[in-house]
Amino acid sequence: MNTSLNTVPIPAGWPATEEQARAVQDELRGRVVLDEPGPPPGTGRVTGVDVAYDDERDVVVAAAVVLDAATLAVVAEATAVGQVSFPYVPGLLAFREIPTVLAVLDALPCPPGLVVCDGYGLAHPRRFGLASHLGVLTGLSTIGVAKNPFTFSYEEPGARRGSASPLLAGEPTGPEEVGRALRTQDGVKPVFVSVGHRVSLDNACAHTLALTPKYRLPETTRSADSLCRRALKETTPSGASPVD
DNA sequence: GCGACAG
DNA sequence: ATCTTGTCGC
């Protein structure tokens with residue numbers, strides 16, 4: 001029995017144009033909750049989500065990996081296969097990933113706790129990146145940890161692990177801290193942390209440090225990335241069963 | 001108008 | 001994101 005032939009469809013009413021997608025962001029942005037500190041680092045569970053694409057076949061595979069926040073041991077995993085629901089447009093990344101990411105979170109056997117996304121939350125042209133979007137749709141605490149500064153500016157943090165500097169957005173409201181460039185390992189390029197939903201920036205950075213005892217990227221991201229790549233390879237055009 | 005631009 | 005071999009280093 002192959003139960004993974006089901007692919008997550010593009011939801012009815014999903015934005016079809018960039019203009020519609022931006023309108024959705026403008027409408028949902030007001031629902032982001034910014035006055036909660038979020039779960040304390042090192043307690044409960046932390047879940048990484050990531051996706052891999054095969055644009056040729058219009059396929060997106062999402063993976064979620066739940067870790068014990070104290071030990072970073074894997075507690076649960078899930079994958080989901082979907083249809084690519086939007087082209088890649090800077091600033092509209094969420095519309096490409098969210099349907100399948102929602103499905104993979106649904107497929108988890110336990111609550112995810114804090115969700116760590118690849119990409120941004122508030123550090124976004126309209127202050128509503130993937131992590132914030134996912135948080136508003138699920139009500140979960142979310143943060144974004146990105147590998148690149150996107151269009152934002154920052155000064156190089158100190159060389160030691162734990163050093164950080166503000167990630168700054170341009171003039172619309174004057175230089176505004178939308179996230180932080182955070183050094184997670186001595187002497188390596190920083191990562192770019194921003195708040196998604198129901199977490200403070202300080203707490204988001206503390207979580208990121210707790211998740212990077214050895215590598216530049218959080219263990220959540222590393223695990224989810226490797227899982228969705230494996231699952232994509234096992235997802236043949238005829239429909240093989242990924243890890244489930 | 002042109003270039004840059006999370007993944 | 002993805003296309004791709006070997007190679008330098010801990």
Side-chain angles (χ1 to χ4, degrees), chain A residues 8 15 18 21-22 24-25 28-29 32 48-64 79-102 104 115-136 142-154 161 167-172 177-182 184-197 201 204 208 213-218 220-235 237:
Chain A
V8 180
E18 298 183 22
R22 282 185 214 100
V24 170
Q25 292 180 329
L28 295 181
R29 181 175 44 203
V32 177
V49 295
D50 194 17
V51 302
Y53 302 99
D54 183 342
D55 280 299
E56 299 291 282
R57 301 195 173 102
D58 228 53
V59 163
V60 51
V61 174
T79 60
V81 181
Q83 267 180 12
V84 173
S85 47
F86 211 82
Y88 173 66
V89 179
L92 300 178
L93 176 65
F95 295 92
R96 192 168 164 73
E97 315 198 334
I98 276 197
T100 312
V101 168
L102 290 175
V104 82
V115 176
V116 180
C117 300
D118 254 27
Y120 285 120
L122 291 188
H124 178 274
R126 287 167 294 284
R127 305 295 179 269
F128 196 69
L130 171 64
S132 297
H133 201 147
L134 185 64
V136 164
T142 60
I143 68 172
V145 179
K147 305 172 200 67
N148 301 295
F150 199 13
T151 61
F152 304 105
S153 61
Y154 67 101
R161 164 176 158 87
L167 187 63
L168 300 172
E171 288 303 317
E177 184 179 30
V178 294
R180 215 162 272 166
L182 177 65
T184 56
Q185 295 297 320
D186 292 355
V188 308
K189 176 179 174 176
V191 298
F192 303 90
V193 179
S194 58
V195 164
H197 184 60
L201 182 55
T208 302
K214 187 168 169 54
Y215 299 102
R216 174 184 177 234
L217 296 179
T220 40
T221 302
R222 291 166 43 80
S223 299
D225 180 72
S226 108
L227 179 55
C228 68
R229 290 191 200 220
R230 264 177 286 146
L232 178 61
K233 284 183 187 174
E234 294 163 21
T235 302

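Residue numbers start from 1 in every chain, and the chains themselves are labelled A, B, ... in the order their sequence lines are given, proteins ahead of strands. Since we're looking at a predicted model, the values are computed, not measured.
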Does either side chain, that of Ser226(A) or that of Arg222(A), offer a donor lying less than 3.5 Å from an acceptor on the other one?
no
Distance in angstrom units between Phe95(A) CZ and dA6(B) C1', rounded:
14 Å
Using the six-membered ring wherever Trp is involved, compare the ring planes of Tyr120(A) and Phe150(A) and label them parallel, tilted or perpendicular (cut-offs 30° and 60°).
parallel
Geometric class of the Tyr154(A)/Phe192(A) ring pair [parallel <30°, tilted 30-60°, perpendicular >60°]
perpendicular
Here the distance between atom P of dC5(B) and atom CD of Glu18(A), to the nearest Å, is 17 Å
Hey, does the side chain of Asn148(A) come within less than 4.0 Å of dG7(B)'s phosphate (OP1/OP2), counting only N and O?
yes
Side-chain N or O of Lys147(A) closer than 4.0 Å to phosphate OP1/OP2 of dA6(B)
no
Report which part of the nucleic acid Ala52(A) touches: base, sugar-phosphate, or nothing (heavy-atom distance under 4.0 Å, all strands).
sugar-phosphate
Phosphate contact (dT2(C) OP1 or OP2) by Arg229(A) side-chain N/O below 4.0 Å
yes
Separation of Asp118(A) atom CG from dC5(B) atom P, in whole Å?
18 Å
Asp225(A) CG to dG7(B) P, in whole Å, measures 11 Å
Among dG7(B), dT2(C), dC5(B), which nucleotide has an atom closest to any side-chain atom of Thr151(A)?
dC5(B)
Under 4.0 Å, counting only non-hydrogen atoms across every strand here, what does Leu92(A) touch: a base, just sugar-phosphate, or nothing?
base
Considering just the side-chain nitrogens and oxygens of Tyr88(A), establish if one lies under 4.0 Å of OP1 or OP2 belonging to dA6(B).
yes
Here the distance between atom C1' of dC10(C) and atom OH of Tyr215(A), to the nearest Å, is 11 Å
Once you round it to whole Å, what is the distance between C1' of dC3(C) and CG of Leu232(A)?
14 Å
Euclidean distance, atom CG of residue Leu130(A) to atom C1' of dA1(C) [Å, nearest integer]:
13 Å
Spacing between Arg230(A) atom CZ and dT2(C) atom P, to the nearest angstrom
14 Å
Looking across every strand, which nucleic acid part, if any, lies under 4.0 Å from Gly91(A) by heavy atom: base, sugar-phosphate, or nothing?
base
Can we call the ring centroids of Tyr88(A) and Tyr53(A) under 6.0 Å apart?
no
Does the salt bridge (charged side-chain N to carboxylate O under 4.0 Å, His left out) test come out yes or no for Lys147(A) and Asp118(A), once each step is laid out?
CA-CA 8 Å; Lys147(A) 305 172 200 67; Asp118(A) 254 27; 3.2 Å; yes
